[in-house]
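So the structure is just underneath, and the comments pick up after that.
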There are 2 protein chains.
Amino acid sequence: MTSPGDVLDLISRGAAETRADLVRHTGMARSTIGQRVDALIEYGLVEETTPGGSTGGRPPRLLRLNTRDNCVIGVDLGATHCRVALMDIGGTLLATREDPLRIDMGPLPVLRHIDTRMHELLAETGRPLATVKAIGIGVPGPVEFATGRPANPPIMPGWHDHPIPEFFTDRYDVEVLVDNDVNVLALGERRYAHPDARHLLFVKVGTGIGCGIIADGRLHRGAQGSAGDIGHIRVPDAGDAQCRCGNTGCLEAVAGGAALAERLTAAGIPAEDGRAVVDLVNQGDPTALRMVRDGGRLIGDVLAGLVNFFNPEAIVVGGVMAHVHEPLLAGMREVIYQRSLPLATHRLTVVPSRSGELGGALGAGRLAIDRVLSPGHIDRALAHRPGATPSPRPPTAAR
Amino acid sequence: MTSPGDVLDLISRGAAETRADLVRHTGMARSTIGQRVDALIEYGLVEETTPGGSTGGRPPRLLRLNTRDNCVIGVDLGATHCRVALMDIGGTLLATREDPLRIDMGPLPVLRHIDTRMHELLAETGRPLATVKAIGIGVPGPVEFATGRPANPPIMPGWHDHPIPEFFTDRYDVEVLVDNDVNVLALGERRYAHPDARHLLFVKVGTGIGCGIIADGRLHRGAQGSAGDIGHIRVPDAGDAQCRCGNTGCLEAVAGGAALAERLTAAGIPAEDGRAVVDLVNQGDPTALRMVRDGGRLIGDVLAGLVNFFNPEAIVVGGVMAHVHEPLLAGMREVIYQRSLPLATHRLTVVPSRSGELGGALGAGRLAIDRVLSPGHIDRALAHRPGATPSPRPPTAAR
DNA sequence: GAACTTATGTCGAAGATCGACGGAAGTAAC
DNA sequence: GTTACTTCCGTCGATCTTCGACATAAGTTC
């Protein structure tokens, strides 16, 4: 009923620190728990620390994830930057490095860059390569998650159908997970800031606008993996603004960072991109401020509909434009709470992302950690480990 | 690794008809499969039929669900009608009955009516009461699914927080599941018409407009159980039509059956409600036809956004207005395929519901069947059945 | 330091699962 | 019609898993 993986899950979530805790949570026999814990320790994912404080009896032997011998790499690939983070499987950031890097150089130079950085970070922190159990990568475009291949990504020329995982699995004994950057952000935000949220939307407002969807605690990728593409939803008050997608009135065309910069420039205040708009707001420019707030209202209009449809308990806003989250979220909240149904907004929270610049890399690392710690993964690893069942069936094979 | 419930699942889905099939599908030992099947037969959910045709060797003993001794009740409650259906656990409709019934009479008269009809249907088909294993009920309002209590339903006065399941569980040994009518329709449609669809939207266009969401094969109910309420999403071209919810520009206020009837009446063609509009279209009235098509476009506008967001593989349209699905779906498709992203519409199908008038009751019955056949349910039932573990622990209890 | 509390390891018994064996029940060929 | 072959299924002992009871460890409280 309860597998070794579930035991690990309780330990990793901090729900159980001792064998006795595990017994209480799982209802399994002490002996069974002891055996499972031994297996996990032998396998190297769990370790014992110093005895804990007594509560009137023998002090328990505290258990925790073996963060010394198990780490992951999280990679955040953007159009023009690459951040690589080394994390242990407890989710602690050990070292990170960001470089400008044009993703349109194509797969091989970019992947080699990641490989180099990974080795540097390992060397810095004195961790052997073999401690890297998985690599998570967030990319700015649609990906077929199961195979880790980008699917006609508009801003990643040369990457279509490139088998990203193979680059690493051919060289090292690791698992590699590739996903859309917004999905990765949603995953990270949920883990680090909203661990109890079962239904969450992560809205990234950068040059474009995208959305990561967590439904019932798991990422919703949709039938073709294109779910969350809210940037091209038509907005009621958008007028006929032309969008790069060919349609008019898209959310992205009126409320994305690039659109705001254009409009600001047209209004006589030169702004190159979303970041420039952010800077202007921070400098107190009233026109930029109003524009960001209006953009928030437009995004809020779309989100109000999605709140009715999806009924999330939290909306988290990230991306470059969230650096000025006061006006942005004010505009969004204003429309959402007015337009959505009371039942749906009753316990809804609309908050800025807490993960900052590191969000993408941390989320990608979390994707990798989740894989390493997933019950199914552990059960398989433990079942196939040498010595488990010393192959008592040569007779079958012989005949 | 594979539980008795999984064995039942394979049988109920038609994926395995013989013990040998089960061995091939599960990879388990013949002896284990035999033991599990015996347990399921003894428990009464599975039975053996006549030997099947030989394929060159001993003919297999065919297995199937024991539909004779296991049935469920599906109930479709509307504002002014009540349909009760008796189905076996294979999903076959055995008998059904519809009556006009005002749901605003309050819980007790309505539930007593259902109880009476249930007994009549059982008598008609000669099935004992004890063969009813579960009851599924779809109601026209929001429900807290876990407890089966309506949550401030607007058109069900007196039902708020009423514990519907208790009415039946106090009298009989059954499980009772209560859900929103649109959710129930979505569930039924998926099972009967789109068994392979993992992500599906069921759009009900009646007096109002609602949507049942199937995400990754399971119903998405959202944080407060209000997911799918798309009737009050703002539509770009809706103008300032006043909606009963207090806002303006809601989809329901411009494209629902009631709204179409009003507008048709205002145009000089009297129509009392959505059904009257349908009748007019069927009589060839060009104004009504145009209005339905325009309504389809408006709904399509909202759905185009949801397709981008959710990326379903199928949209199924039901409800009264779907009786004239040619113009309705034409309008919807026109906008969806124009506005949504190519990747998301590539394999998207937009089709009318196939379940007709019986859809609600069949879906509610399916909800009940799914519970009866759910792996977890079976595993528990088999573990607790008398004789499984003949209580080998009097010593513990004695001390 | 005796009594009590809490935590953990050990061990035999019961249960679950497996592979091997053999019998059952057809078809195909002579 | 009898022999060979194929497929299906039940039985049985061996093995692995899980459990509960017992024993032990290591603290606190008085």
Side-chain angles (χ1 to χ4, degrees), chain A residues 1-7 11 16-42 46 48-63 379 382-385 387-399, chain B residues 1-7 11 16-42 46 48-63 379 382-385 387-399:
Chain A
M1 177 167 275
T2 315
S3 71
D6 296 324
V7 169
I11 297 173
E17 290 198 299
T18 71
R19 290 169 175 79
D21 283 348
L22 289 168
V23 169
R24 281 187 286 269
H25 278 80
T26 64
M28 296 162 69
R30 269 188 294 282
S31 40
T32 308
I33 291 292
Q35 189 176 306
R36 298 240 158 122
V37 170
D38 287 348
L40 288 170
I41 290 177
E42 194 197 349
V46 171
E48 282 185 352
T49 65
T50 54
S54 164
T55 56
R58 169 177 175 173
R61 292 159 67 179
L62 295 181
L63 302 171
D379 292 351
L382 257 46
H384 297 165
R385 79 182 190 279
T389 306
S391 51
R393 52 208 68 130
T396 314
R399 291 181 187 180
Chain B
M1 177 165 275
T2 315
S3 72
D6 296 326
V7 169
I11 296 173
E17 290 198 299
T18 71
R19 290 169 175 78
D21 283 349
L22 289 167
V23 169
R24 280 187 286 268
H25 277 81
T26 64
M28 296 162 68
R30 268 188 296 282
S31 40
T32 308
I33 291 292
Q35 190 174 306
R36 300 242 157 120
V37 170
D38 287 348
L40 288 170
I41 290 176
E42 194 196 347
V46 171
E48 283 185 353
T49 65
T50 54
S54 164
T55 57
R58 170 176 173 174
R61 292 156 65 181
L62 294 181
L63 302 171
D379 292 351
L382 257 46
H384 297 163
R385 79 182 190 278
T389 308
S391 53
R393 52 209 68 130
T396 317
R399 292 182 187 180

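Worth saying up front: this structure is predicted, and the values here are computed from it rather than measured. Every chain is numbered from 1 and lettered A, B, ... according to where its sequence line falls, protein lines coming before strand lines.
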**Request:** Test B:E48 against every option in B:I41, B:L62, B:V37 by the side-chain contact (heavy atoms from CB on, under 4.5 Å) rule and name the one that passes.
**Result:** B:I41
**Fill in**
Note: for B:D38 and A:R30 on DNA chain D, the residue whose nearest nucleotide lies more 5' is B:D38
**Fill in**
In whole angstroms, the gap separating P of C:dA7 from CG of A:D21 amounts to 8 Å
Give each protein N/O atom lying under 3.5 Å from an N/O atom of nucleotides 27-30 of chain D, with the pair distance.
| from | atom 1 | to | atom 2 | distance (Å) |
| --- | --- | --- | --- | --- |
| D:dG27 | N2 | A:G56 | O | 2.9 |

**Prompt:** Contact class for A:R19 (heavy atom, under 4.0 Å): base, sugar-phosphate, or nothing?
**Reply:** sugar-phosphate
**Request:** Whole angstrom is fine here: how far is it from CE in B:M28 over to P in D:dG10?
**Result:** 14 Å
**Request:** Using the test side-chain hydrogen bond (donor to acceptor under 3.5 Å, both in side chains), find all partners of B:Q35 that sit at least two apart in sequence or belong to another chain.
**Result:** none
**Asked** Of the candidate nucleotides D:dG10, D:dC19, C:dA7, which contains the atom at the shortest distance from the side chain of A:R24?
**Response** C:dA7
**Item:** Contacts of type side-chain hydrogen bond (donor to acceptor under 3.5 Å, both in side chains), residue A:R58, not counting sequence neighbours
**Value:** none
**Asked** Mind checking what makes side-chain hydrogen bond (donor to acceptor under 3.5 Å, both in side chains) contact with A:R30, not counting sequence neighbours?
**Response** none
**Prompt:** How about A:V23 and A:M28: do any of their side-chain heavy atoms sit closer than 4.5 Å?
**Reply:** no
**Item:** Beyond-backbone contact of A:L63 with A:E17, side-chain heavy atoms, under 4.5 angstrom
**Value:** no
**Message:** If you go through the side-chain atoms of B:S31, does one of them form a donor-acceptor pair with the base of C:dG19 closer than 3.5 Å?
**Reply:** yes
**Item:** Phosphate contact (C:dT17 OP1 or OP2) by B:R36 side-chain N/O below 4.0 Å
**Value:** yes
**Asked** Quick one: bend of the helix from C:dG1-D:dC30 to C:dC30-D:dG1 from 5 pairs per end, to 10°?
**Response** 10°
**Message:** Using every non-hydrogen atom in the two residues, find where A:R19 and A:I33 come nearest and quote the distance to one decimal.
**Reply:** O-CG2, 3.8 Å
**Complete:** Separation of D:dC16 atom P from A:Q35 atom CD, nearest Å, is 12 Å
